[in-house]
Amino acid sequence: GEFMKKFILGLFLILGAMSFAAPKFVDMTKVKNAGYVIKNEREDILTMATSDDDSAIIISFSTANISSKEISDLLKSNALRDSGNFIATLDNNRAYINEFEAQGFYSYMIVPKKEKVKNQHTYATYVSSKKLSKNDLSKITNAILDEAESYIK
């Protein structure tokens, strides 16, 4: 609903502040056909989102000469600064995941440990009105990263 839209806008601002025409490694035709809302489309970063009533997915692509772990730590410190209540870091074999809670919503910042292309980063935030079990989070992480990677040329 309305709150989710405001919440996503807030997240866009957090992710946008972290920004380092869309990165060349992203297939824009595919992205536009997938029906995402697109924000900050620039040469070094692209952020896009989709949502329904009780969840949202925000995917970012950026070019940055830093490690996945450093991106995860940066996202975490930005989110903390912007009043997200940090809950836990939940790494799995595929990604670094930071869990936050704010205003009754849980957000999971997902940064894959391995990038497909050197210095080309893909990361995502999944927002939900429910706290996810480790098992559900693992499934969602795989689904979101598979989808995000499908937009890489």
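Counting begins at 1 with the first residue of the sequence.
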Find out whether [X] and [Y] are in side-chain contact, i.e. whether some heavy atom of one side chain is under 4.5 Å from a heavy atom of the other.
{"X": "Asp136", "Y": "Lys139", "value": "yes"}
{"X": "Leu80", "Y": "Phe100", "value": "yes"}
{"X": "Asn98", "Y": "Phe86", "value": "yes"}
{"X": "Leu137", "Y": "Asn92", "value": "no"}
{"X": "Lys131", "Y": "Tyr108", "value": "yes"}
{"X": "Asp54", "Y": "Asp52", "value": "yes"}

- Query: Does the pair Lys69/Asp91 count as a salt bridge with the N-to-O cut at 4.0 Å?
  - Reply: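 A salt bridge is absent here (no side-chain N lies under 4.0 Å from a carboxylate O).
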- Query: So, does Ser150 use its side chain to make a donor-acceptor pair with the main chain of Glu147 at under 3.5 Å?
  - Reply: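 Yes.
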- Would you find a donor on one side and an acceptor on the other, under 3.5 Å apart, between the side chain of His121 and the backbone of Val111?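 Flag not set: sc His121 to bb Val111 has no pair under 3.5 Å.
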- With Glu149, which of Lys114, Arg94, Lys30 fulfils salt bridge (charged side-chain N to carboxylate O under 4.0 Å, His left out)?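 For Glu149, the salt bridge (charged side-chain N to carboxylate O under 4.0 Å, His left out) check succeeds only for Arg94.
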Looking only at heavy atoms, which two atoms of [X] and [Y] are closest? And how far apart?
{"X": "Ile38", "Y": "Lys32", "answer": "CD1-CG, 4.1 Å"}
{"X": "Glu101", "Y": "Tyr106", "answer": "CG-CE2, 3.6 Å"}
{"X": "Ser51", "Y": "Ala56", "answer": "CB-CB, 3.7 Å"}

Distance (rounded to the nearest 0.5 Å) between [X] [atom1] and [Y] [atom2]:
{"X": "Leu132", "Y": "Ser138", "atom1": "CG", "atom2": "OG", "value": "11.0 Å"}
{"X": "Ile144", "Y": "Thr122", "atom1": "CD1", "atom2": "OG1", "value": "12.5 Å"}
{"X": "Thr89", "Y": "Lys76", "atom1": "OG1", "atom2": "NZ", "value": "3.5 Å"}
{"X": "Ile59", "Y": "Leu145", "atom1": "CD1", "atom2": "CG", "value": "8.5 Å"}
{"X": "Leu75", "Y": "Ile110", "atom1": "CG", "atom2": "CD1", "value": "11.0 Å"}

- Message: Set out, in order, the CA-CA distance, both residues' side-chain angles and the distance that settles side-chain contact (heavy atoms from CB on, under 4.5 Å) for Tyr123 and Met109, then state yes or no.
- Response: CA-CA 8 Å; Tyr123 44 93; Met109 294 185 169; over 6 Å; no
- Query: Side chains of Ser128 and Ser55: do they bring a donor and an acceptor to under 3.5 Å?
  - Reply: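 The criterion, which ignores hydrogens and geometry beyond distance, is not satisfied for Ser55 and Ser128.
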- Lys113 to Tyr96, cation-pi by 6.0 Å centre distance and 45° axis angle: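 Pair Lys113/Tyr96 counts as cation-pi.
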- Hey, mind stepping through Met48 and Val31 against side-chain contact (heavy atoms from CB on, under 4.5 Å) and telling me if it holds? CA-CA 8 Å; Met48 57 193 214; Val31 166; 3.4 Å; yes
- Query: Using 30° and 60° as the class limits, which term best fits the ring planes of Tyr151 and Phe61: parallel, tilted or perpendicular?
  - Reply: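 The rings of Tyr151 and Phe61 stand perpendicular, inter-plane angle above 60°.
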